[in-house]
Amino acid sequence: MAQGSDMDTRLHRTLRLISGAAAHLTAVIFTISISCVAQPGTTLFSWHPFLMTLAFSFFMTEAILVFSPDSSLLRSFSRTARVRAHWLLQLLSALCAGLGLCAIYYNKALHGKPHFVTWHGLLGLLTVMWALIQNLGGITLLYPKLVQRWTLATRKLYHATSGLLAYLLGCISLLLGMCSLWFTASVTGVSWYLCALCPVLTGLVIMSQVSNAYLYRKRN
């Protein structure tokens with residue numbers, strides 16, 4: 001029985017290592033792929049898909065994976081160093097998301113097009129707003145004296161849950177963006193499905209990590 005339990009543990013750890021490595025690789029490849037399609041700098045619009053992908057597929061993914069016990073690129077660093085890296089990556093994510101939102105808003109204004117009339121536009125706006133609020137909420141973890149109504153453990157749980165929701169909203173927004181006329185005209189066939197699979201894969205990995213680290217542990 002003990003040997004079987006050890007084998008299960010090693011198997012689960014190996015699967016977590018593989019899924020974490022796949023998430024890192026997917027985040028990089030997907031961001032590069034969208035950059036090649038969008039060609040940022042060629043038009044004002046081109047900055048929107050590039051910055052949003054950089055924000056939610058790369059920076060936010062890496063920010064959360066920093067705390068992965070199996071696949072963190074900084075797992076040999078101290079907890080303090082990983083927290084700082086998390087904050088830096090999240091700030092870069094928020095900055096890119098804000099600039100990406102400004103780019104599409106200004107582009108539509110220049111062309112006289114209505115704002116936030118599609119599911120992608122509405123959910124994208126909600127995602128950016130939620131991510132910004134999430135970042136502000138994380139300040140209470142850095143400075144616990146700001147909010148003393150809840151314990152630190154409770155605030156960590158709320159932050160993890162809210163952060164997971166923000167990340168999943170980002171993944172869904174990216175998927176909806178890939179259903180747009182611009183993207184479906186640029187990427188077709190198997191390539192489209194491979195691109196669509198990327199946020200799904202990273203979303204599942206991040207959801208598993210957060211659930212195992214916070215949500216599942218808190219229920220037991």
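- Note that CZ of Arg82 and CG of Leu89 are 13.5 Å apart. Values are rounded to the nearest 0.5 Å.
- Atom CH2 of Trp130 sits in a sparse spot, with 12 or fewer heavy atoms from other residues, nucleotides or ligands closer than 6.0 Å.
- Between Thr31 and Ser57 there is a side-chain heavy-atom pair separated by less than 4.5 Å.
- For the pair His120 (side chain) and Ser173 (backbone), a donor-acceptor distance under 3.5 Å is present.
- Pro69 has its side chain out of reach of Arg16: every pair of non-hydrogen atoms, C-beta onward, lies at least 4.5 Å apart.
- Judged by distance alone, with hydrogens and angles left aside, the side-chain atoms of Trp192 form a donor-acceptor pair with the main-chain N or O of Met178 at under 3.5 Å.
- The CG atom of Leu174 lies 11.0 Å from the SG atom of Cys195; values are rounded to the nearest 0.5 Å.
- Between Ile104 and His115, the closest side-chain pair of non-hydrogen atoms is not below 4.5 Å.
- Put simply, CG on Leu99 and OH on Tyr106 are 14.5 Å apart, with the number rounded to the nearest 0.5 Å.
- Using a 4.5 Å heavy-atom threshold, the side chains of Leu123 and Leu126 count as touching.
- Separating the CD1 atom in Ile32 from the CZ atom in Phe58 is a distance of 9.0 Å, to the nearest 0.5 Å.
- Closest approach of Val66 and Ala63 over heavy atoms only: CB-O, 3.4 Å.
- Heavy atoms from other residues, nucleotides or ligands lying under 6.0 Å from CZ of Arg84 number 12 at most.
- Considering CG of Leu95 and CD of Gln90, their distance stands at 12.5 Å, rounded to 0.5 Å.
- Between Phe67 and His86, the ring planes are tilted. Angles from 30° to 60° get that label.
- In the hydrophobic clustering of ILVMFWY residues, with side-chain heavy atoms under 4.5 Å counting as a link, Leu73 and Val83 come out apart.
- Using a 4.5 Å heavy-atom cutoff, the side chains of Val117 and Pro114 are in contact.
- Considering only heavy atoms from C-beta on, Thr188 stays 4.5 Å or farther from Phe183 through its side chain.
- For the pair Leu65/Gln209, a side-chain contact is recorded, criterion being any heavy-atom separation below 4.5 Å from C-beta on.
- The environment of Leu136 atom CG is dense: over 12 non-hydrogen atoms of other residues, nucleotides or ligands sit within 6.0 angstrom.
- Side-chain contact check for Cys96 versus Phe59: some heavy-atom pair is nearer than 4.5 Å.
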